[in-house]
Amino acid sequence: MSEERTLNFLEQIVEEDIANGVNGGRVLTRFPPEPNGYLHIGHAKSICLNFGLAQKYNGKTNLRFDDTNPVTEDTEYVDSIKADIQWLGFNWAQELYASDYFEQIYNFAVQLIKKGLAYVDDSTAEEIAISKGTPTEPGKGTPYRNRSVAENLDLFERMRKGEFKDGEKVLRAKGDLASPNMHMRDPIMYRIKHAHHHRTGDNWCIYPMYDFAHGQSDSIENITHSVCTLEFIPHRPLYNWFIEQLGIFPSHQYEFARLNLTYTVMSKRKLLQLVNEKHVTGWDDPRMPTISGLRRRGYTPASIRAFCERIGVQKRDNMIDVSLLEFCIREELNKTANRVMAVLDPVKLVITNYPADQVEEMTAENNPEDPNSGTRTLPFSNTLYIEREDFMEEPPKKFFRLGPGLVVRLKNAYIIKGEGFEKDADGNITTIYATYFPESKSGGDTTGLNVKGTIHWVSAAHAATVEVRLYDRLFKVEDPGSEEGDFKSYINPDSLQVISNAYVEPSLLKAKPGERFQFLRKGYFCVDTDSTAEKVVFNRTVTLKDTWAKEAKKG
RNA sequence: UGUCCUAUAGUAUAAUGGUAGUACAUCUGAUUUUGGUUCAGACUGUCUAGGUUCGAAUCCUGGUAGGACAACCA
């Protein structure tokens with residue numbers, strides 16, 4: 001119940017509006033994705049913001065697809081977007097589409113033509129661009145700027161009827177060609193696209209531009225707070241101008257800084273490239289910063305919401321350290337994920353003084369952080385697999401694991417002492433030999449031995465074989481987008497390591513896709529949707545914090 | 001060299017004219033049958049120069065730096 005966090009600047013605006021009785025204290029936000037790609041963690045920030053604002057102030061949030069460009073949009077994206085928002089834990093008041101308003105927006109355009117504030121321009125895209133001038137020189141306009149209202153009305157109607165080809169004509173607002181704001185220099189309102197729309201089919205061949213659809217849609221829905229990202233700041237005067245000239249409900253636009261994350265890219269264009277050029281397996285590849293990728297990677301909705309809460313909201317450009325995201329998922333999984341033993345890079349360990357035909361059932365805690373998680377049993381025998389990195393032939397001083405003469409605790413079992421090992425012709429260790437202390441069994445240790453290290457293991461005869469996919473950051477550099485040349489040349493070639501034969505506790509054979517575990521000392525893992533009856537596949541969500549790895553790196 | 005936005009520790013984010021705080025990251029130490037967790041501690045900051053004020057991160061002015069804007073994309 002401790003709501004100690006101070007208000008972010010948008011919450012302050014909303015609270016002021018409520019205090020001043022703006023809109024009668026009503027709060028209605030919207031989340032307006034364009035259905036031309038999958039949602040990513042940056043969208044999650046916007047979703048948490050828009051839905052969060054409404055939740056906090058007894059308001060509602062509409063889901064509105066900004067589907068004004070039929071050539072890039074698709075129902076596949078609509079479906080994935082809806083699924084992702086719901087998975088994140090948010091419910092929209094209404095599912096709406098800008099295309100629902102095409103007739104209304106068309107009428108708005110006619111209204112502006114009649115007021116002498118819009119005209120049909122026959123110029124080419126190049127001609128229009130040139131006639132707009134530059135940020136430092138005013139625009140000159142085109143010869144079509146002074147057509148009569150009647151002619152504009154006629155032409156616009158014929159545009160709708162399909163009498164013209166793509167690009168032949170556009171409808172433009174009559175703004176201010178000398179404005180220092182380029183968006184006010186006669187922005188295009190409608191363009192001709194003889195294209196099939198995912199919802200309106202072939203009903204239309206003219207489509208409104210963002211600037212003549214977004215604010216209008218906001219207004220039609222009576223959105224009170226229209227929250228978008230910084231790049232729309234220069235559009236705001238135009239947003240307000242249209243609303244004022246049309247005399248419609250005055251929605252207000254507010255802007256915040258989009259999320260940037262280290263070691264990844266966030267633009268839909270770049271993500272699409274990664275997918276199309278097969279640098280990843282798809283939009284939901286666990287290395288992708290998409291919601292579907294993070295879900296498959298093992299991230300939880302709560303962890304993503306916690307992340308969005310921690311990063312805050314402001315108007316300055318930012319670059320969030322991906323370690324914060326990792327912290328958020330570890331924080332949750334530490335409390336909720338059951339611990340299991342899995343050996344990813346196995347080497348055989350034989351306990352020479354343990355009876356070869358004996359099998360003991362060892363008791364293990366499922367989760368020391370959760371007293372209600374219970375215990376399970378594990379088969380123990382004289383031949384085990386342990387992690388190859390847990391043995392060193394010539395261990396340095398601070399190596400608290402196994403080596404010749406070193407003692408170590410086998411988690412949930414006995415203390416053992418390294419005795420010897422065998423190597424193959426290439427010098428790789430093939431088998432390690434150790435002896436155990438019979439009186440050192442977990443829970444009943446009477447040896448008084450003080451061992452510094454504990455390692456995990458599985459019994460060779462009882463182990464199940466699974467596939468494990470180890471993911472690392474997708475890019476080698478913090479900000480691939482700002483580096484020289486093609487961002488794809490900074491892709492991390494080691495972002496995926498597949499281990500097709502890892503040994504795990506037999507119980508994991510029953511694990512279902514989406515189930516999460518902590519592989520003791522190795523990290524958090526999630527069962528992948530690629531799992532079959534023959535082979536269970538685990539994705540590594542994130543490693544555990546590893547202070548030994550840091551120590552070892554120091555040399 | 002136009003207009004707009006922004007500037008607080010390595011990264012984010014508070015302090016709303018009155019003790020610059022929090023988180024992540026980094027580093028110590030303690031505890032630990034996970035080199036995990038937990039706990040204790042350390043480190044590092046108001047872009048700059050003036051001004052207003054008893055008092056400025058906060059208000060004003062001038063610099064500087066970063067970002068956005070000239071798509072028939074959103």
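The structure displayed is predicted, hence computed values, not measured ones.
Atom CZ of A/Arg316 is separated from atom P of B/A68 by 18 Å (rounded to the nearest Å). Put simply, CZ on A/Phe9 is 15 Å from C1' on B/A7, counting in whole angstrom units. Separating the CG atom of A/Leu10 from the C1' atom of B/A14 is a distance of 16 Å, rounded to the nearest angstrom. The distance from atom CZ of A/Arg269 to atom C1' of B/C73 is 12 Å, rounded to the nearest whole Å. The distance from atom CZ of A/Phe31 to atom P of B/A74 is 16 Å, rounded to the nearest whole Å. As a whole-Å value, the separation of A/Ile233 CD1 from B/C4 P is 12 Å. Across the protein-nucleic acid pair, A/Leu325 atom CG and B/A25 atom C1' stand 14 Å apart, rounded to whole Å. We find that NZ of A/Lys45 is positioned 11 Å from C1' of B/U13, with the value rounded to whole Å.
As rounded to the nearest Å, B/A65 and B/U52 have C1' atoms that lie 26 Å from one another. Rounded to whole Å, the separation between the C1' atoms of B/A68 and B/A74 comes to 15 Å. Comparing the same atom, C1', in B/A12 and in B/A70 gives a spacing of 33 Å after rounding to whole Å. Across B/A42 and B/U48, the matching C1' atoms stand 30 Å from one another, rounded to whole Å. Look at the C1' atom in both B/U8 and B/C4: the space between them is 23 Å, to the nearest Å. Separation of the P atoms belonging to B/G10 and B/C43 is 14 Å when rounded to the nearest angstrom. Distance check on atom C1': B/A57 versus B/U53 gives 15 Å, rounded to whole Å. Nucleotides B/G63 and B/C54 are separated by 28 Å at their P atoms, to the nearest Å.
No engagement by A/Thr262 is indicated, since no non-hydrogen atom pair under 4.0 Å with the nucleic acid exists. Base engagement by A/Ala125 is indicated by at least one non-hydrogen atom pair under 4.0 Å involving a base atom. Residue-level contact check: A/Tyr207 touches neither bases nor backbone, having no heavy atom under 4.0 Å from any strand. Nucleic acid contact class of A/Asn69 (heavy atoms, under 4.0 Å, all strands): sugar-phosphate only. As judged by a 4.0 angstrom heavy-atom cut-off over every strand, A/His235 is placed among the base-contacting residues. Within the 4.0 angstrom heavy-atom criterion, only backbone atoms of the sugar-phosphate kind lie near A/Arg310; the bases stay farther away. Within 4.0 Å (heavy atoms only), A/Ser131 reaches no atom of the nucleic acid at all.
Candidate nucleotides B/C73, B/A74, B/C69 were compared by shortest atom distance to the side chain of A/Lys193, and B/C73 ranks first. Of all nucleotides listed (B/A14, B/C73, B/A70), B/A14 comes nearest to the side chain of A/Thr6. Side-chain proximity of A/Phe327 to B/A68, B/C24, B/U26: nearest is B/C24.
For B/A7, the OP1/OP2 oxygens have no side-chain nitrogen or oxygen of A/Gln314 closer than 4.0 Å.
Ionic pairing of A/Lys522 and A/Glu389 is present here: one or more N-O contacts between side-chain nitrogen and carboxylate oxygen are shorter than 4.0 angstrom. One finds no salt bridge joining A/Asp166 and A/Lys193 here, because no Lys/Arg side-chain nitrogen approaches an Asp/Glu carboxylate oxygen to under 4.0 Å.
Side-chain contact between A/Lys45 and A/Phe256 is present, with heavy atoms from C-beta onward closer than 4.5 Å.
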Dot-bracket notation for RNA chain B, counting Watson-Crick and G-U pairs under 3.5 Å, with | for partners on another strand: .((((((..((((....[..)))).(((((.......)))))....(((((..]....))))))))))).....
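Checked options A/Phe232, A/Tyr239, A/Phe242; the residue passing with A/Tyr210 is A/Phe232 (criterion: ring-ring contact (aromatic ring centres under 6.0 Å, His included)). A/Phe525 pairs in a side chain to side chain contact (heavy atoms under 4.5 Å, CB included) with only one of the listed residues (A/Val542, A/Leu470, A/Leu333), which is A/Leu470.
Two residues, A/Ile311 and A/Gly167, neighbour RNA chain B, and the one matched to the more 5' nucleotide by heavy-atom proximity is A/Ile311. In terms of position along RNA chain B, the nucleotide closest to A/Thr134 lies nearer the 5' end than the nucleotide closest to the other residue of the pair A/Phe232 and A/Thr134.
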Intermediate values then yes/no, salt bridge (Lys or Arg N to Asp or Glu O under 4.0 Å), A/Glu387 and A/Arg401: CA-CA 10 Å; A/Glu387 214 68 64; A/Arg401 306 179 190 180; over 6 Å; no
Working for side-chain hydrogen bond (donor to acceptor under 3.5 Å, both in side chains), residues A/Tyr354 and A/Glu360: CA-CA 11 Å; A/Tyr354 191 88; A/Glu360 273 184 90; 2.6 Å; yes
Stepwise ring pair (Phe, Tyr, Trp, His ring centres under 6.0 Å) test for A/Tyr254 and A/Phe9: CA-CA 10 Å; A/Tyr254 303 93; A/Phe9 81 103; 8.3 Å; no
Nucleotides 28-36 of chain B: protein proximity per nucleotide (B base, S sugar-phosphate only, - neither; heavy atom, under 4.0 Å): S----BBBB
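For the pair A/Phe212 and A/Ile105, the tightest heavy-atom approach, listed with the atom from each and the gap, is O-CG2, 3.3 Å.
With hydrogens and angles left out, the side-chain atoms of A/Asp84 and A/Ser80 include no donor and acceptor closer than 3.5 Å. The closest side-chain donor-acceptor pair between A/Glu332 and A/Tyr299, if any, does not fall under 3.5 angstrom.
Remark: aromatic rings of A/Phe380 and A/Trp457 are close, center separation under 6.0 Å.
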